[in-house]
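Below is one structure, written out as structure tokens; comments come after it.
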Amino acid sequence: MTTSGYTESIAAAPRARRKLPRWWFAAALFGLLLGLSLLEQVTGADDLVSRGTVAATLIAVVPIMLAGLGGLWSERAGVVNIGLEGMMILGTWGAGYFGYHYGAWAGVAGAIVMGMLGGLVHAIATVVFGVDHIISGVAINIIALGAVQYLASLTFVGLPGGGQTQSPKIEDVPSINITFLGDFFGDIVDKNIFFVSQTAAVAQALVTNLSWLVVISMLLLVVTWFVLWRTSFGLRLRSCGESPSAAESLGVHVLRYKFAAVLISGGLAGLAGGFLAMVASSNYRDGQTGGRGYIGLAAMIFGNWRPGGLLAGSGLFGYSETLGLRAGGDSVHALLLAIAVLAIAAAVWQARQQQQRAAIITGVVAVALGVLYFAIDEVPSDFSTMTPYVVTLLVLAFASQRLRMPAADGQIYRKGSAG
Amino acid sequence: GSDSEGGDSGTDSPSSDAPKSDIKVGMAYDVGGRGDQSFNDSAAAGLDQAKEEGLIADAQESEAEDGEAETAREERLRTFAEAGFDPIIAVGFAYAPSLTKVSEEYPDVHFAIIDDASLEKVPNVASLVFAEEQGSFLVGAAAALKTESDHIGFIGGVETPLIQKFEAGYVAGAKAVNPDIEIDVKYLTQVPDFSGFGDPAKGKTAAQGMYDGGADIVYHAAGGSGGGVFEAAAEAKAKAIGVDSDQYNTADPSVQDVIMTSMLKNVNVAVHEYLKAIDGDSFPSGVTTYDLKVDGVGYSTSGGQIDDITDQLDDYKQQIIDGDITVPDKP
Amino acid sequence: MSTPATPVAETAPATAEIAVRLRGIGKRFPGVIANDDINIDVRRGTIHAIVGENGAGKSTLMKILYGVQPPDSGTIEINGAEVSLHSPADAIKSGVGMVFQHFMLADNLTVLENVVLGAERLHGIGAKARAEVLRISDAYNLGIEPDRLVEALGVGARQRVEILKVLYRGARIVILDEPTAVLVPQEVDELFGNLRELKAEGLSVIFISHKLDEVLSVADEITVIRRGTTVKTVEPQGVSARQLAELMVGSELPSPSTEASTVTDEVLLSVSGLSLPSDEGRPLLDDVSFQIHRGEILGIAGVEGNGQAELVESIMGMRAASSGRIELAGADLSHLSTRERREGGIGYIPEDRHRHGLLLESPLWENRILGHQSRPPSVNHGLIDKRAARKDTARIIEAYDVRTPGPDVLARALSGGNQQKLIVGREMSGEPVLLIAAHPTRGVDVGAQAAIWRHIKDARRNGLAVLLISADLDELIGLSDRIEVILRGRFVGTFDPEDVTPERLGSAMTGAGEDK
Amino acid sequence: MTKARLTRLGLGVASAVLALLAAFAITSLVLIAAGDPVGEVWGQLLSWPEQRNWANIINNATVLFLSGLAVAVSFRMNLFNIGVDGQYRVAAFTAAVVAGEAWLPGYLNTALAILCAMAVGAIWAGIAGVLRATRGVSEVISTIMLNAIATSLVAYLLRKAAVREEGSNALGTKEIPEGSRIGGLPFGDFEIYGFIIMAAAFGFAFWFVLNRTRFGFDLRATGQSTTAAVASGVSVKKMTVAAMMISGAIAGLVGLPILFGDAYTYGSTFQSGLGFAGIAIALLGRNNPIGIALGALLFAYLDEQSNPLQILVGVSPDIVAITQGVIVLTVVISYELVRRYGVRLEQREVARALATPSTDQPEEVSA
Ligand SMILES: Nc1ncnc2c1ncn2[C@@H]1O[C@H](COP(=O)(O)OP(=O)(O)OP(=O)(O)O)[C@@H](O)[C@H]1O
Ligand SMILES: Nc1ncnc2c1ncn2[C@@H]1O[C@H](COP(=O)(O)OP(=O)(O)OP(=O)(O)O)[C@@H](O)[C@H]1O
Ligand SMILES: [Mg+2]
Ligand SMILES: [Mg+2]
């Protein structure tokens, strides 16, 4: 048909969606490392990229990332999951109980299964009964906490080193240890060559008792990306989050996919809890999750409902938390400078984007931070404790208008609503 | 399937000789309760010992929930009182406000509270307090004597005045040995977030930070989080100092030999002696301070890692007892 | 010429060439009989139109045929074999495909993803699928670009994507529910071109529309549905639009007819140099200037997505225009809030009643307050006067014939047409001086349509100025005193309704005129 | 209509009962599975509380009620204020300091402290509101972050402001002078918080503002449909900030009954976590004051009754947390079932109206 296609020319042009090249992630890491090395040079803070920091950061990041991954699965299928925290809590107990009685890997499995139980409740409530997702999630958080404390009092009291609020020590998950490489990198680190040593430190952290669970978790991130964006299963699942009625009109069993997604979500959250109990520490403890389920949710939104972004979000949080906990004072102090510089960059960018008011505000923030940096030479402990939260908040304030959640996220869908 | 450790403990430790006493003790733990491998456990130990020795007929236990209402603590004490338990032991200073109320409501019931002396005027309350700073002074000195890098650390669970006493004593002790020693201090959480007493992950990260930073001995007053500190020490092939009880005996074998010594805060002794002092209807009251003098606090030597410096430590101990050294209780 | 609704054996065409045979289909929703004893035969290789007023049961019937909803009674035969369809999946298996009244596309997925969704088994979701999509697109001249986000497509393109979805699944029976409602004449011609090609391929097309002339031009057979049952099946040669309409409604088809002009020379709304850049910098509105006088209806014609919505939202103050000046009766509006503008006497019938016009989960009387939060009778001194609000709602229900038991039912429970009548009534109350009406009768049946037109004209007679935006060119031509055509955010031509044809408007709207 | 309303009311009650029974059953199953003495547990939980316990129940319910109210405000506008917890802690601390300093005499001091608390709560929540309105930051995230920040901030300030009486290891602000405390109301031989009157007043104000004022209408409209609200002339940005600030202001009150009626100081053992309980209670009460009050009473009752479980029955009190969570779920599920039934009723009505033939004869017929 001769005139075919002119409607596009009239219709709105496609949103400028800059596609990132394949290697963007490596590039980002490289840049990050370079930046931090520079920061160490400038500020003299020496713990920004040490083996210990990297190792501890990994430990801090993984549970948040796994929780976020759980959120990613369910929200991509259109089910909001505030219950992540609860499912994590269930996971910690699962790891504690099965880990103690049947060994490390049983603990991992136990954590996943317990998390899935939580997911099952959420799925039944939201998918089958059409309960508001938030309500169900909140309820699950309450139930999980009570259930776990109750279970702990039943199962751990009287065991050696066990009690109302903690399980006995759990056998460790095996970890990777390549000593000669570790020593090799260690030597380079000690040479203190700009950037090289820092890179070596990272490498060293990756070969000295790196828990297999860390590796597995990182793989899960990749697998998630592949399954959701490269398989038909993933396409169907995402379509349930974008437009369930369209999906159903094409014969997709929407409810089944939502159900599956929420179960997987629970499993991942459970694993996150298990990780806390088995790798981050070595036994179940009451209140061990410390709101990391919510943080995971935040990291996922931060990451725009995408695995890469999620990793960035949880990384940012985990890293600044680690700095606060380790050397604390001067590392966080150094971080101030970094943020100030970034803020200035942001301000310039905003000015370019004709967002004068935003630019001014950002600029003021930047200057304030800069002044603060030179005014004090160590950050008081209370404030280094709040660093991760403040940083997350700041970063979001700069860059959160581009976020786009799945179109049907949080909506209750009933069969036969197509058309 | 019931969890009332105490309920069973009346029977599960059958003392051969029938109990000579009819005392029923109500034990109100702080958050964590029996099995927290910290001072609740220590108190429980004292109770069990008393039971073994037949000093008491029966004991019932209950523990606080995290972030619970004041009324919940009051009710816990009242329920004990109503149920005819006497004496009732409140473990932890958190009970001070509620005990103030309840001890008035039940003048004929006897109470004891650990770690608080604000009720010393009340006739039916015995306050059992400790000179943590004195014990901490000694382990501080030990650390300063043992360190090879002249760099040590302190990790507190939650930044409360009580834990600050540990810090103050530790620092004073270390400085007494070596005035220009470097001491890292870190608290894991702030009130009302008490997770710092139960978060080994945090403890480990913080300790690793100190060890990587050059410290070779770290003293923790962080309850359950201490486990993480020991793990970090083991990985860094460095030393750590335990707290409250002799953690060398309770800790997991894998980390046993990093525990150079432990600051002993003998809550068990306090509880045991309190129960022992009861005779007929006369109950102890007023403030009893457990300090070095009465061996209410001290340091452990199991593992034999500080045998070479015990005499120096005992020398400091004597000076403190004699009052030649007064240990600060605030940083 | 026309065959009886229930064909008797001998007149019934041989089953062999019957693609779809519906017998005694019945479907009741709580309290509503949507379908009742429906009998239809669709012959292979034909375009079979189904007409009927709103709520007649057309969509419901099609949803049943597509397995979305199960029928309460009746049988469905496809190619001679009786089938029972429990889900769209079943329907697709038996070769049925449907383009819904409201597009079924996920905006945030690419065209390719939308097409292959649910049919991944055919050609996967990768290169092979893309190739197949392009092949079909070329075969039927659909001009589809597989990798664009659907949200970036215009209405016509979305329509073609929907059709491609159906073809991709190899459907032999294609259902189109009101496909032309949002298309301009040229796009309609394109569409019909596609349909004829499908027909030539031997596919059967079931086609629903409210626009009877289209139906007559494209259909081989026409079945009329009234109150949920088949009234008659006729052939286009035998009937006129008017006769069809009478079959549908039992009353006569009205069409808007302008009467003596009431235009005064008093300028009421004056817009000058209005511009609005988009995020990508492409102007949504580009130096738009016009005036509306008291008692004048200015019609805006244009393909959807060419700035109509932005224009309306700028005048309503829902968007801040980057430059330009808006005056209402001489007073500058540019810096006033939406509420202040409404208080200034602007009434607003939004394009999308569900998103901008109603609180679906609230009772009608609260919906009466919406947009009049700061004005009596319903609100006095910041306090809500429930009684007055209910009373005034009752008035609107009466005056505008809103079919509802009373002002206390939730807006969601009303049918689209009745919702629309309520909105019109609301926006007319409180003597507005300017009415902005976007597609005031879209998806509304003839009866309601007539009523709404009448109300607009009455108000105009009393000096109301109206900015009318509509995709229904007959409506535009019938109501307007003057028609401006908008294209890519610019006014590209002024027409006098007296001497303009839909075709001429259409070519102006699509820029076909200027290309030549 | 009214008939339908009555039926729905009846069903509403029935559903509530049903929900409670379901929760009862599930909890019992858990107990049985765990081999705990079901009978004794319920015997304790359902035993008629002593007057003293009733006093506690009412007091704790008052606090929970305020917390639920605060959350409900944001829910009504489709905002999710998880931050009530942080807001009330910052506010209670401020109030404690102000009242402790006693710059003004007697109840003036109290009033000032309460105002400061509300202001601080409003500001703390307002941060999230502004970030949401101007930068589009999800209030879910920002309030979570602000909770944690509040913890560190208060801890820091507390150590600055703290006074420690001799022998005590507790950390607290200056005690509020006798004259500025809020006396209790007599309740049998016991007393309940005098603050309960203010709580009730706020409950009423909540209802009135939301259902009877333009502001409330705008707020609910925005909550139901942002787009429709914008078209009707509501400034969503302003509403967002306003709603968050009001929510925060009420959150600021949460800690005050305890502060002025019982503790008289803000210290390290001041009750925490009230904000999260508030979320559940707001949801349980369907964001309307009466419902929230009932929900608060129910939660407070269960907490109080479960307290002695361990001592008397030897079962962990945590079991009631399970009950509470399950109730939230079951109540909502039965609500949902009833709602669907209601919709169906309504449509039947509508359909009847639709069935009656049109009175509107199209008049204009163009030749
Ligand atoms: N998804 C739904 N759930 C419940 N009821 C519905 C639904 N969709 C439509 N209805 C009912 O159908 C009736 C009309 O809805 P609908 O808008 O589909 O009618 P319509 O035939 O399109 O009429 P109109 O042309 O006025 O829009 C209403 O009474 C409504 O209660
Ligand atoms: N999901 C539903 N629930 C209840 N009633 C419904 C539902 N869908 C449709 N109806 C009823 O069935 C009747 C027919 O609706 P349907 O959508 O088939 O009408 P239609 O002929 O398609 O109207 P239109 O021309 O406006 O699309 C509606 O008037 C409505 O009363
Ligand atoms: Mg239809
Ligand atoms: Mg319709």
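Chain A is the first sequence line, chain B the second, and so forth, proteins listed ahead of strands; every chain is numbered from 1. Hydrogens, waters and symmetry mates are skipped; everything else that's a heavy atom, side chains included, is used.
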Where do B:F194 and D:S268 come nearest, in terms of heavy atoms and distance?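 What the structure gives for the nearest pair is CE1-O, 3.5 Å.
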
What is the minimum heavy-atom distance between D:P308 and B:T79, and which atoms define it?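 Closest pair (atom of D:P308, atom of B:T79, distance): CB-CG2, 3.4 Å.
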
Tell me, out of D:L158, D:L31, D:N56, D:L309, who's got the most heavy-atom pairs with chain B below 4.5 Å.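 Max contact count across the listed options: D:N56.
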
Contact winner vs chain B - D:L171, D:I311, D:L274, D:T269, heavy-atom pairs under 4.5 Å: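 Winner by heavy-atom pair count: D:I311.
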
Any side-chain heavy-atom pair of [X] and [Y] under 4.5 Å:
X      : Y      : result
B:E68  : D:D303 : no
B:E70  : D:I258 : no
D:L312 : B:E82  : no
B:E74  : D:R52  : no

For a quick check under 3.5 Å, do D:N60 and B:T71 share a side-chain donor-acceptor pair by atom type?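 Distance-only check passes for D:N60 and B:T71.
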
Give, as side chain, backbone, both or neither, the part of B:A94 having an atom under 4.5 angstrom from any heavy atom of chain D.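 Its backbone and side chain both get close to chain D.
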
Region of B:E159 in contact with chain D, defined by heavy-atom distances below 4.5 Å: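 Looking at B:E159, backbone and side chain both touch chain D.
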
Heavy-atom donor-acceptor pair, D:Q310 side chain to B:E63 backbone, under 3.5 Å: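 Yes; at least one donor-acceptor contact below 3.5 Å.
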
Given the options B:D116, B:L119, B:V287, B:V158, which has more heavy-atom pairs under 4.5 Å with chain D than any of the others?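 Most pairs with chain D among the choices: B:D116.
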
